[in-house]
There are 2 protein chains.
Amino acid sequence: MNRMNFIKPAIPETTLRRLLYYMRCLRTYKKDGVKTVLSDNIAKKCGVKSSVVRKDLSYFGEFGVRGKGYDVDELCHKLDTMLNSLGPINTIVIGAGKLGTAIINHSKENFKTNIIAAFDKNRDKTGKNINGVPVYSLDKLEDIIKENNIKIAVIAIPPCEVQPVVDRLVSAGIKSILSLALLPINVPEGVEVSFFDVLSEVEYLFLKLNFKES
Amino acid sequence: MNRMNFIKPAIPETTLRRLLYYMRCLRTYKKDGVKTVLSDNIAKKCGVKSSVVRKDLSYFGEFGVRGKGYDVDELCHKLDTMLNSLGPINTIVIGAGKLGTAIINHSKENFKTNIIAAFDKNRDKTGKNINGVPVYSLDKLEDIIKENNIKIAVIAIPPCEVQPVVDRLVSAGIKSILSLALLPINVPEGVEVSFFDVLSEVEYLFLKLNFKES
DNA sequence: TATACTATGTGATTGTGAGAACAAGCACAT
DNA sequence: ATGTGCTTGTTCTCACAATCACATAGTATA
């Protein structure tokens, strides 16, 4: 049954995360000129079971043909349309230093996520462009967020300056913060914070290896 | 009950991940000179329930005093000791380009994760040091992995070159791969792959906002 | 020393996601 | 037209994680 038309169905977070894998996978199939795929093809590529793929897709609709599989172009298109109907993925980056710049440049190779503005307190950074993305003074923060109805912000500034900026982001309407600084930050109910750091991920993998295996 | 001394207890993955948050949180408490914390203090900082904190900690031992809370120094020290007893978190980075270099430099500010070697197929990169980390030719891959008993590798090379390198990593004994390239990769049973990309994370947060809220 | 109070540690319960198995449906051959 | 084979969509079961609630054990105070 197609639940797509209902408002806000309860889709598991794990499903949403895997959906990104599937999309990625489907795009490479499309690029390679593959016409049809089975749930098991996708599953193997993404390292999950085929029943998981089918169940995940079933949250969004019926896309396949029994006995035959999924039409790559069609599935790709339908999922894309569905996601585009949610509006553009607009985001801002706080901090136009090394890390911020790297993220902005990296984003230009990715057509999904739009970084529409960067912010820096440093005078010699503001007013310029980084790969087409304007760098504003932090004074403009609230204005830009409200004008563009931004809900997600990426924070790439030194740890000690994080909390005041977070407070401003929250009161300006930001609902989800991706922090590249490792220290814990305080936000009110309803705002989500995730941390993002390669070395933390390595630490986690390390713990996992040590506490799960044999 | 302290399960630390038993071999490979079944600790939930979610607990392991949160443990990193707690540690991070405890270090800032320590730095701020806070002597004692309650499970609820940690919980609020990390965005979880206090009972979750207590249960998570209980997998590793009894660290608190009823009616009083946790001694910050003591808890910090005990958890650190426990993790150090697992041995050093040694890892290697494949690819000494922009991304690889950034990670290596970043790792120098983090005392937990040791990057002990980098690899690159490019002749003008090999033989040099990046912030103290030697850059080897890819020929040395298997030797270094085996000599140092490396289990985790971070891949920061162009997508098209990923799969052959993965195959070599796996047969050299790598158990966990963190890929910074977005394309799916194939590994045998028992080897885990995670993907890591800021913009994918933004995409995920976006989906989460749209499919979870109100 | 006794009593009230406070916060931990844990057993029990609820909830949620993964995996397996099966029913349903389409294509194609005969 | 009908049957066969194949893969999807879905139900059901199991396992695991989050949450609750309470017993436990310490502190503080009079």
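Both backbone and side-chain heavy atoms feed into the values below; hydrogens, waters and symmetry mates do not. Every chain is numbered from 1 and lettered A, B, ... according to where its sequence line falls, protein lines coming before strand lines.
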(request) Whole angstrom is fine here: how far is it from CD in B:E62 over to C1' in C:dA7? (result) 13 Å
(message) Quick one: does any side-chain atom of A:T91 pair with a main-chain N or O of A:I152 as donor and acceptor, under 3.5 Å?
(response) yes
(request) Taking the side chain as every heavy atom from C-beta outward, state whether A:Y70 and A:E74 have any pair of such atoms under 4.5 Å apart. (result) no
Can you give me the N/O atom pairs linking the protein to nucleotides 23-30 of chain D at distances under 3.5 Å, or say none if there are none?
from   : atom 1 : to    : atom 2 : distance (Å)
D:dT24 : O2     : B:R66 : NH1    : 2.7

(request) Before accepting this row, confirm whether a basic side-chain N of the pair B:D40/B:K45 lies closer than 4.0 Å to the acidic partner's carboxylate O. (result) no
(request) Take atom CD1 of A:I11 and atom P of C:dT16, then tell me their distance rounded to the nearest Å. (result) 15 Å
(message) Could you tell me how far apart B:L57 (CG) and D:dA18 (P) are, to the nearest whole angstrom?
(response) 14 Å
(message) Tell me the interatomic distance from B:Y59, atom OH, to C:dT8, atom P, rounded to whole angstroms.
(response) 17 Å
(request) Tell me which residues in residues 32-55 of chain A put a heavy atom below 4.0 Å from DNA chain D, sorted by number, or none. (result) A:L38, A:S39, A:R54, A:K55
(message) Donor-acceptor check, side chain of A:N148 to backbone of A:I150, threshold 3.5 angstrom: yes or no?
(response) no
(message) I need the minimum non-hydrogen distance between B:R24 and A:L183, along with the two atoms involved.
(response) CD-N, 4.3 Å
(message) For B:L138, is there any backbone N or O sitting under 3.5 Å from a side-chain donor or acceptor partner on B:R168?
(response) yes
(message) Classify the ring geometry of B:Y21 against A:F195: parallel below 30°, tilted from 30° to 60°, perpendicular beyond 60°.
(response) perpendicular
(request) Taking all heavy atoms of B:C25 and all of B:C46, pick out the closest pair and write down the distance. (result) CB-SG, 4.0 Å
(request) Mind calculating the distance between OH (B:Y70) and C1' (C:dT6) to the nearest angstrom? (result) 13 Å
(message) Using modelled atom types and a 3.5 Å cut-off, is there a donor and acceptor pairing between side-chain atoms of B:R18 and backbone atoms of B:V52?
(response) no
(message) Among residues 12-30 of chain A, which ones have heavy-atom contacts with DNA chain C below 4.0 Å?
(response) A:P12, A:T14, A:R18
(request) Using whole Å, report how far CG of B:D56 lies from C1' of D:dC16. (result) 14 Å
(message) Is it the case that the ring center of B:F60 lies less than 6.0 angstrom away from the ring center of A:F211?
(response) yes
(request) Using a strict cut-off of less than 4.0 Å between a Lys/Arg side-chain nitrogen and an Asp/Glu carboxylate oxygen, indicate whether B:K112 and B:D80 qualify as a salt bridge. (result) yes
(message) From CG of B:L75 over to P of C:dT8, roughly how many Å is that when rounded to an integer?
(response) 11 Å
